[in-house]
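Quick notes on the structure that follows.
Below, all heavy atoms of this structure are taken into account, side chains as well, without hydrogens, waters or symmetry copies.
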Amino acid sequence: MKKKIAVIGTGYVGLVTGVALSDIGHQVYCLDVDPNKIDKLNQGISPIYEPGLEELIHKNMHADRLHFTTDHSVAFQDADAIYIAVGTPERADGSANLDFVQQVAKDIAAHVSDKGAVVVTKSTVPVGTNKLVKHWITEALDRDVQIEVVSNPEFLREGSAVYDTYHGDRIVIGSESEAAADIIEEINKPFGVPVFRTDIESAEMIKYASNAFLAAKISFINEIGTICGKLGANIEDVAKGMGMDQRIGDKFLNAGIGYGGSCFPKDTKALVQIAGGVNHTFDLLESVINVNNKQQQIPVDIAQMVVRGGLEGKKVAMLGLAFKPNTDDMRESASIVLAQKLTDLGANITAFDPIAMDNAKRLLPESVHYASNTEEALQDADVAIIVTEWDEFKDLPLSVFEKQMKQPIVIDGRNCYPLSYVETAEIDYYSIGRPSVIRAKKSNQHAK
């Protein structure tokens with residue numbers, strides 16, 4: 001049975017969730033307090049870059065299943081379910097800021113229909129928050145309305161969020177009410193994704209524990225990569241051999257310059273704080289965070305070692321700015337740290353990213369110059385650093401580095417190229433956890 005659903009918040013989670021729910025047949029009203037964002041959405045323009053999302057927006061608006069509004073009364077009227085998908089930004093101490101969630105709870109109390117609704121928390125929130133949400137709503141209600149709260153954490157990957165919605169590993173539903181859980185399971189049934197039902201606290205913890213485990217896997221392989229680099233082993237072969245063990249698996253075993261984005265950094269820190277709240281020191285996760293922070297220094301250290309005369313006054317080409325490919329999200333991107341460190345050393349940075357440059361300009365040092373394409377970024381560069389593994393860079397012929405750069409030194413922070421291919425080019429190539437390839441013809445270097 002099709003439901004009327006309100007989704008509060010049109011960021012990555014809320015917008016993808018709302019659009020997908022409309023696409024499987026539900027009547028969905030996406031609500032946001034930002035009128036500019038809603039105006040754009042009503043024109044069919046997505047405020048975020050996510051492959052396939054804008055096409056689905058057009059499709060379901062045309063089918064009259066998807067609506068965008070700033071009016072709580074319109075969104076909540078006769079809604080069967082109200083999804084909370086607002087931000088829970090990181091506080092200075094690493095804990096989650098729940099101010100937006102609390103405000104939404106008050107808004108629900110003020111505008112929910114008398115028939116009541118199931119409130120579904122998609123936002124990543126600390127254990128115990130869903131019960132707080134119910135308390136905040138019932139405390140603010142001025143009439144007798146039946147409200148149930150369900151924890152339904154999201155597990156979407158930015159850059160493939162639309163695909164993940166339809167091909168997820170599981171849908172987690174945590175609830176004290178079997179009837180409320182039944183409604184949310186029924187809503188999600190058309191996705192055809194396995195459903196796992198549990199209590200609210202366990203559902204909340206599953207989200208944090210999942211992200212923390214993946215972050216730990218990334219930091220582990222990066223530490224192994226550092227050791228491989230010192231011993232002459234190849235991290236890619238090591239990771240492949242490890243991943244063939246079904247107990248380990250081959251996902252998230254790519255060495256590089258660390259994780260970023262809106263989830264892993266924030267959620268790992270939040271889980272450390274959650275543990276501290278129950279007098280437990282999460283030593284392992286604190287090490288994961290420290291390792292990740294350290295990885296972002298590696299390209300700078302390499303550049304200082306291999307660029308003659310140091311980096312002051314030298315042109316550094318930064319290829320990729322988003323925290324990962326197929327997104328314009330700059331949150332916790334390694335490029336932010338790299339750009340600042342390179343600027344502090346006196347380097348002149350020219351950067352290029354296929355999608356994220358507008359967002360990057362608000363976060364990177366003002367001195368950074370932005371190129372209109374890869375070739376322009378590389379023109380006369382003394383060193384190039386690959387920060388994000390966009391296909392555009394992975395498919396780039398290595399001859400472009402030779403042709404465009406003053407000095408063909410490439411620091412590949414994402415191991416984009418097979419070493420066998422690099423060995424055919426006349427470049428000096430440094431990657432993460434793999435042997436360096438030194439082939440540039442020093443005698444033929446030209447100062448343009």
Side-chain angles (χ1 to χ4, degrees), residues 222 225 228-229 232-240 254-258 295 298-309 311 314-322 324-326 334-335 338-339 342 347-357 369-448:
N222 281 333
C228 285
N234 186 328
I235 186 58
E236 289 186 325
D237 287 344
V238 173
K240 185 174 181 179
N254 299 315
I257 51 176
Q295 288 299 115
I298 291 176
V300 178
D301 291 341
I302 296 174
Q304 287 183 288
M305 286 189 296
V306 302
V307 176
R308 292 182 180 179
L311 292 173
K314 301 296 175 61
K315 178 178 177 180
V316 178
M318 284 181 56
L319 301 184
L321 299 173
K324 65 180 290 189
N326 297 320
S335 67
L338 287 173
L342 292 167
N348 299 319
I349 301 170
T350 298
F352 174 69
D353 187 284
I355 297 294
M357 287 198 292
H369 174 74
Y370 297 90
S372 58
N373 54 55
T374 306
E375 288 76 8
E376 181 186 335
L378 292 172
Q379 186 70 41
D380 291 334
D382 295 284
V383 60
I385 302 176
I386 301 175
V387 184
T388 313
E389 63 274 32
W390 285 94
D391 285 344
E392 178 171 336
F393 305 142
K394 293 165 71 174
D395 296 337
L396 187 70
L398 296 182
S399 58
V400 174
F401 293 103
E402 299 176 43
K403 179 181 177 182
Q404 297 295 116
M405 296 179 69
K406 180 187 298 182
Q407 190 168 297
I409 299 174
V410 179
I411 301 172
D412 186 352
R414 300 298 180 184
N415 292 356
C416 291
Y417 306 113
L419 291 181
S420 58
Y421 177 41
V422 175
E423 289 169 352
T424 67
E426 300 294 338
I427 65 173
D428 288 355
Y429 180 81
Y430 304 87
S431 53
I432 307 298
R434 303 187 300 176
S436 302
V437 178
I438 311 299
R439 288 185 56 83
K441 293 182 178 179
K442 301 297 188 289
S443 60
N444 292 335
Q445 285 180 3
H446 51 291
K448 298 183 182 179

Can you give each donor-acceptor pair under 3.5 Å made by side-chain atoms of residues 300-307, sequence neighbours left out, with the distance rounded to 0.1 Å?
{"from": "D301", "atom 1": "OD1", "to": "Q297", "atom 2": "NE2", "distance (Å)": "2.9"}

- Apply side chain to side chain contact (heavy atoms under 4.5 Å, CB included) to the pair L378 and L396, showing each step before the final yes or no. CA-CA 12 Å; L378 292 172; L396 187 70; 4.3 Å; yes
- Task: Mind running side chain to side chain contact (heavy atoms under 4.5 Å, CB included) on R414 and I257 for me, showing each step along the way?
- Result: CA-CA 7 Å; R414 300 298 180 184; I257 51 176; 3.5 Å; yes
- Task: Starting from the C-alpha separation in whole Å, work towards a yes-or-no answer on side chain to side chain contact (heavy atoms under 4.5 Å, CB included) for Y430 and I438.
- Result: CA-CA 8 Å; Y430 304 87; I438 311 299; 3.2 Å; yes
- Take L398 and V422 through the side chain to side chain contact (heavy atoms under 4.5 Å, CB included) test and state the conclusion after the steps. CA-CA 7 Å; L398 296 182; V422 175; 4.2 Å; yes
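Applying the side-chain contact (heavy atoms from CB on, under 4.5 Å) rule to P354 yields the partners F352, W390, E392, F393; only residues at least two apart in sequence or on another chain are considered. Under the rule for a side chain to side chain donor-acceptor pair (under 3.5 Å), the partners of Y429 that lie at least two apart in sequence or sit in another chain are D412, R434. Remark: D237 pairs with N234 by the side-chain contact (heavy atoms from CB on, under 4.5 Å) rule, at least two apart or across chains. Annotation: side-chain contact (heavy atoms from CB on, under 4.5 Å) contacts of A356 (sequence neighbours excluded): A322, D328, M330, D353. Legend: residues meeting side-chain contact (heavy atoms from CB on, under 4.5 Å) with N222, ordered by chain and number and at least two apart, are I218, A255, Q295.
Between the side chain of Y417 and the backbone N or O of S431, no donor-acceptor pair lies under 3.5 Å.
Listed here is the closest heavy atom pair of C416 and I386: SG-CG2, 3.9 Å. When all heavy atoms of A377 and A371 are compared, the closest pair comes out as N-CB, 3.5 Å. Heavy-atom minimum distance, G320 versus V387: O-CB, 3.2 Å. Closest approach of E375 to V400, counting heavy atoms only: CG-CG1, 4.1 Å. Smallest separation of non-hydrogen atoms from A440 and D428: N-OD1, 2.9 Å. Residue M357 comes nearest to A351 through the heavy atom pair SD-O, 3.9 Å, listed as atom of the first residue, atom of the second, then distance.
Atom SG of C228 sits about 12.0 Å away from atom CD1 of I432, to the nearest 0.5 Å. Once rounded to the nearest 0.5 Å, the distance linking NZ of K324 with OG1 of T388 reads 11.0 Å. Note that the CG atom of N326 and the CG atom of D391 stand 6.5 Å from one another [nearest 0.5 Å].
The shortest distance between side-chain heavy atoms of K315 and T350 falls below 4.5 Å. Side-chain contact between L342 and M318: present, with at least one pair of heavy atoms (C-beta onward) separated by less than 4.5 Å. In this structure the side chain of N254 never reaches within 4.5 angstrom of the side chain of N415, judged on heavy atoms. The closest side-chain heavy-atom distance from E376 to H369 is below 4.5 Å. For the pair P435 and L419, the minimum side-chain heavy-atom distance is below 4.5 Å.
When the options K403, K406, Q404 are evaluated for a side-chain hydrogen bond (donor to acceptor under 3.5 Å, both in side chains) with Q379, the one that passes is Q404.
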